Amino acid sequence: MDFTDLMFYIIFDLSALFITITLIFNLIAKRSISLKSSKAFLYVLLTFLIFTIINMISILLYRGYFYFNINNLYLVRLFKTLSLFSLTIFTASYLIFFLYKTKIHRKFSHKNLFVSLFFIPTTISFILLTINLFNPIVLKFEIKDDTILNINYIYSRIIYAISLINISIPTVFYFFIKKYFSKKEAIPLFVTPIALIISVIVSLSIKDLSIEVLFLSSSLIFTEILLAIPEDLLDIKTGYFSNTLFSTKLHIHFDQKSSFDVVILKINNIHKVFQIYEYNKANNIIYQTANNLKINLKNYDKDIMPFAIDLGYYAYIVKKGIGEKVSNLILDELKYSLITYRNYKPDISLIVINESDFKDFNNFEEFVYKYKTIITKNNDIKIYHEIKDDKYFDIQINIKDIIDNAILNNEFEMYLQPIYSVKDNRFKSAEALVRLNSKKYGIIPPNFFIPYAEKVGLITKIDDIMFENVAKFVSSNLFDELNLELIEVNFSHKSCGDIKLIERIKNHILKYNVDVSRINIEITESFDIEDKEIANNNVLKLKELGFGISLDDYGTGYSNLIRLINFPVNIIKIDKSLTDEVYKKEIEDILVTTFHLFKDNKQKSVVEGVENISTLTRVIEFGCDYIQGFYFSKPLPLNEFIKFIKSGGGL
Ligand code: C2E
Ligand code: CA
Ligand code: CA
């Protein structure tokens with residue numbers, strides 16, 4: 001036999017070999033093999049690689065290529081037998097991969113599953129083929145006219161049948177569990193058995209043409225691309241698994257028995273990392289932090305699965321019963337992690353959903369909605385079953401209806417928190433803060449409804465209601481009696497970016513004949529303003545109209561002093577998170593310098609969140625102008641506020 005003949009016989013196997021090795025490299029290069037189903041697919045490829053190699057050797061032997069004594073058919077039989085056997089193993093591992101992919105294997109006990117699906121068919125074929133080595137009942141070769149003839153087809157057909165069954169089970173299953181697959185993912189389930197059937201028919205009918213390796217390896221391309229590693233499997237910002245995968249994992253979970261806890265981690269102020277650092281550096285810090293966290297948690301639960309739901313929003317699937325412990329570990333780890341650097345304190349929320357809580361959700365959508373609804377305070381851990389009967393949880397679940405109702409029935413109320421002037425030693429102003437007074441739930445504080453109202457755009461309506469209340473109040477005789485300088489009113493960045501803002505404000509001014517110098521508008525310097533140009537324009541117009549502008553939330557991570565003093569605002573409000581740290585030397589230095597700069601720049605400062613006398617004395621010492629906090633008073637409803645001011649506020 002010459003070289004050309006040889007190439008003709010093994011060209012299919014060589015191509016298959018090339019394809020399979022490429023697929024293996026691709027799988028490893030994408031590093032997705034840490035996922036169980038992808039690991040299972042790696043075994044599929046490896047068994048297929050073995051099958052291809054053995055098949056190639058058996059063809060070479062069969063063609064008498066490096067076999068010298070053509071009368072001794074023992075080796076031919078051995079390799080042909082092994083090749084058929086490795087086909088059974090390959091198809092069995094394909095089946096097992098499919099089971100991992102769909103997580104159907106959880107329905108069986110592991111042992112039963114492997115016995116019934118792997119060992120039985122492979123053992124049968126193994127026995128048949130071993131016997132064949134000694135007594136050729138499966139495959140028998142005879143020599144006629146110097147070529148080897150293959151007789152006793154029937155047994156090799158049994159092997160093909162077993163393989164075909166292995167490979168077709170997933171296809172049949174598909175019709176019962178369609179929801180686990182997108183249409184795209186279903187393609188390989190059909191391509192693979194069709195490839196096998198066609199190639200077997202071809203091999204059996206066109207004598208000596210063994211193309212099944214090539215057909216099967218081609219169908220493995222489909223499987224790898226579409227099933228084993230969907231491109232959206234990993235989140236590049238963290239190296240965690242993707243949100244898509246989280247949803248698949250939980251979808252499957254809801255149809256089968258659950259046996260894990262879920263910990264949801266949210267870093268509420270993650271955007272600030274991008275304000276402190278330049279973009280690439282910030283991304284790098286987030287990646288490193290997420291990765292270190294994953295590694296540390298793996299020491300504790302080696303099977304932990306981390307998912308990135310969104311930027312700063314992560315989920316960890318952990319062994320059942322350890323959710324709470326893991327969330328404590330996360331909190332501890334993050335306190336000393338990379339992101340807590342340079343004056344940035346992560347505002348962390350953790351929610352634990354225990355395995356036993358899953359019965360509370362009817363489906364995945366409800367699960368997502370509910371965990372997204374849970375509000376936690378800074379660095380707080382909430383256990384789902386402990387809060388699900390909580391009034392505030394109920395409020396969050398129904399927030400849309402509550403807000404719609406409140407707008408219809410005028411349920412928003414203005415509360416006022418007095419602001420103390422250090423120089424005058426009296427209360428000279430106040431901040432208007434919105435409260436929702438619901439019939440069913442009573443007074444609801446803003447952090448429960450403002451995030452939602454901002455998301456759906458209703459915040460502009462709420463700000464408008466509050467502005468009108470303030471306009472009415474400052475134009476009343478009552479206001480004159482109180483001898484107050486001004487009232488601060490909050491405008492969300494959504495309101496600032498609203499094209500109709502100025503028109504509405506002008507209407508209120510006209511209606512109540514407002515002296516605009518009595519109103520200060522509190523804005524925040526926000527980075528996710530959609531319409532920066534409109535917002536800048538609006539702020540300028542508000543100034544032109546005569547309003548004072550206050551900058552809220554100074555010190556919450558993003559604090560560029562130089563830019564701040566160039567910012568056209570009259571008042572700067574120091575956030576509570578900074579106030580809480582006045583005992584630290586470096587914060588003292590920052591505040592003292594900042595207050596000096598403000599003074600030189602004719603800007604006033606308000607320190608917020610002062611709760612006790614020692615903080616009060618310190619911030620006065622540092623040189624602030626105004627003080628707002630529970631030490632003096634909580635926000636009060638109008639009538640109580642009036643009493644408070646008239647009585648001098650207990651000074
Ligand atoms: P903010 O503008 O920073 O308002 C100050 C918040 O700190 C108020 O919370 C106030 O009650 C609270 N606070 C004041 N002194 C202390 C203290 O000594 N200790 C503590 N722990 N807290 C103190 P509140 O009223 O719950 O409002 C929360 C946030 O909701 C406000 O933060 C503001 O961002 C938003 N908000 C409130 N009313 C409105 C509104 O009418 N429109 C808009 N857009 N946002 C509003
Ligand atoms: Ca404010
Ligand atoms: Ca504030």
Side-chain angles (χ1 to χ4, degrees), residues 268-269 347 375 377-378 380 392 395 403 406-407 411-420 427 429-437 443-471 473 486-498 501 519-526 529 535 538 548-559 569 571-582 605-616 619 624 626-637 640-641:
N268 299 305
N269 55 354
D347 170 359
I375 285 198
K377 285 202 281 323
N378 206 342
D380 197 5
Y392 288 112
I395 290 173
I403 296 185
I407 289 177
E411 291 178 347
F412 291 108
E413 279 179 18
M414 174 181 73
Y415 272 47
L416 291 159
Q417 186 176 31
I419 299 175
Y420 171 80
F427 296 96
S429 58
E431 176 175 1
L433 293 154
V434 66
R435 297 290 181 267
L436 197 165
N437 193 352
I443 299 288
I444 304 175
N447 56 329
F448 285 93
F449 58 87
I450 286 197
Y452 178 81
E454 283 195 326
K455 205 167 89 192
V456 298
L458 284 171
I459 189 70
T460 49
K461 179 73 193 158
I462 296 173
D463 285 347
D464 191 55
I465 295 173
M466 287 296 285
F467 182 85
E468 183 166 6
N469 272 310
V470 171
F473 177 50
L486 54 85
I487 301 292
E488 304 256 348
V489 60
N490 289 284
F491 273 8
S492 135
H493 60 89
K494 278 262 160 65
S495 296
C496 292
D498 182 10
L501 177 79
I519 299 179
N520 248 43
I521 290 167
E522 287 193 8
I523 57 171
T524 51
E525 207 187 353
S526 173
I529 290 186
N538 279 345
I549 308 287
S550 301
L551 184 74
D552 210 350
D553 299 343
Y554 175 75
T556 50
Y558 170 74
S559 320
V569 298
I571 294 179
I572 294 160
K573 302 191 78 179
I574 311 295
D575 192 76
K576 182 167 187 302
S577 56
L578 213 59
T579 311
D580 289 342
E581 306 210 334
V582 290
S605 53
V606 179
V607 174
E608 284 192 310
V610 173
E611 292 182 340
N612 51 53
I613 182 108
S614 55
T615 313
L616 179 77
V619 293
C624 77
Y626 298 97
I627 293 161
Q628 178 182 356
F630 292 175
Y631 174 75
F632 293 116
S633 170
K634 286 187 301 188
L636 302 167
E640 281 178 40
F641 174 76

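Please read these numbers as outputs of a predicted model, since none were measured by experiment. Start at 1 and go down the list; that is how both ligands and their atoms are numbered. What you see below is based on every heavy atom in this structure, not just the backbone, and it leaves out hydrogens, waters and symmetry mates. In this chain, residues are counted from 1 in sequence order.
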Answer with side chain, backbone, both or neither: which part of [X] has a heavy atom less than 4.0 angstrom from an atom of ligand 1?
| X | result |
| --- | --- |
| P635 | side chain |
| V489 | neither |
| I462 | neither |
| I450 | side chain |
| K634 | neither |
| Q417 | side chain |
| D463 | side chain |

(message) I need the single residue from T524, V606, I574, D575 that forms a side chain to side chain contact (heavy atoms under 4.5 Å, CB included) with Y554. Which is it?
(response) I574
Would you say [X] has any N or O atom under 3.5 Å from an N or O of ligand 1, going by distance alone?
| X | answer |
| --- | --- |
| E431 | yes |
| N447 | no |
| F630 | yes |

(request) Measuring from the Ca ion (ligand 3), name the closest N, O or S atom belonging to D553. (result) OD1
(message) Among the N, O or S atoms of D552, which one sits nearest to the Ca ion (ligand 3)?
(response) OD1
(message) Check this for me, if you would: do K576 and D580 make a salt bridge, where the nitrogen-to-carboxylate-oxygen distance has to be below 4.0 angstrom?
(response) yes
(message) Do the side chains of E608 and K573 get close enough for a salt bridge, i.e. N-O under 4.0 angstrom?
(response) yes
Among all protein heavy atoms, pick out the one at the shortest distance from [atom]; state its residue, atom name and that distance to 0.1 Å.
| atom | answer |
| --- | --- |
| atom 37 (C) of ligand 1 | L433 CD2, 3.5 Å |
| atom 39 (C) of ligand 1 | V434 CG1, 3.5 Å |
| atom 41 (O) of ligand 1 | M466 CG, 3.3 Å |
| atom 5 (C) of ligand 1 | E608 OE2, 3.8 Å |
| atom 1 (P) of ligand 1 | D552 OD2, 3.9 Å |

(message) If we ignore hydrogens and angles and just use 3.5 Å, is the side chain of N268 paired with the main-chain N or O of D347 as donor and acceptor?
(response) yes
(request) Give a yes or no answer on whether the side chain of N538 reaches the backbone of C496 with a donor-acceptor pair at less than 3.5 Å. (result) yes
(request) Identify the heavy atoms of L416 and A432 that sit nearest to each other, and give their distance. (result) CD2-CA, 3.8 Å
Taking 3.0 Å as the cut-off, does [X] contribute an N, O or S atom near the Ca ion (ligand 2), distance below it?
| X | value |
| --- | --- |
| E522 | yes |
| E488 | no |
| S550 | no |

(request) Would you please classify the geometry between the F632 ring and the Y420 ring as parallel, tilted or perpendicular, with 30° and 60° separating the classes? (result) parallel
(request) Evaluate the side-chain proximity of Q417 to F641: yes if any heavy-atom separation is below 4.5 Å, no if none is. (result) no
(message) Checking E431 against N490: is there a side-chain donor and acceptor pair closer than 3.5 Å?
(response) yes
(request) Would you check, one step at a time, whether the test side chain to side chain donor-acceptor pair (under 3.5 Å) holds for N612 with T615? (result) CA-CA 6 Å; N612 51 53; T615 313; 2.5 Å; yes
(message) Quick test of your reading of the structure: of P446, S550, G609, whose heavy atom lies closest to atom 29 (C) of ligand 1?
(response) P446
(request) Just go through K573, E611, Q628 and tell me whose heavy atom is the nearest to atom 21 (N) of ligand 1. (result) E611
What's the spacing between [X] [atom1] and [Y] [atom2] if we round to 0.5 Å?
| X | Y | atom1 | atom2 | result |
| --- | --- | --- | --- | --- |
| I523 | I549 | CD1 | CD1 | 5.5 Å |
| I571 | Y626 | CD1 | OH | 6.0 Å |
| K461 | I407 | NZ | CD1 | 7.0 Å |

In the complex you have, is [atom] within reach of the protein, judged by whether a heavy-atom distance drops under 4.0 Å?
| atom | result |
| --- | --- |
| atom 32 (O) of ligand 1 | no |
| atom 43 (C) of ligand 1 | yes |
| atom 7 (O) of ligand 1 | no |

(message) Tell me the angle that OD1 of N490 and OE2 of E431 form around the Ca ion (ligand 2), rounded to 10°.
(response) 90°
(request) For the Ca ion (ligand 3), decide whether E608 has an N, O or S atom at a distance under 3.0 Å. (result) yes
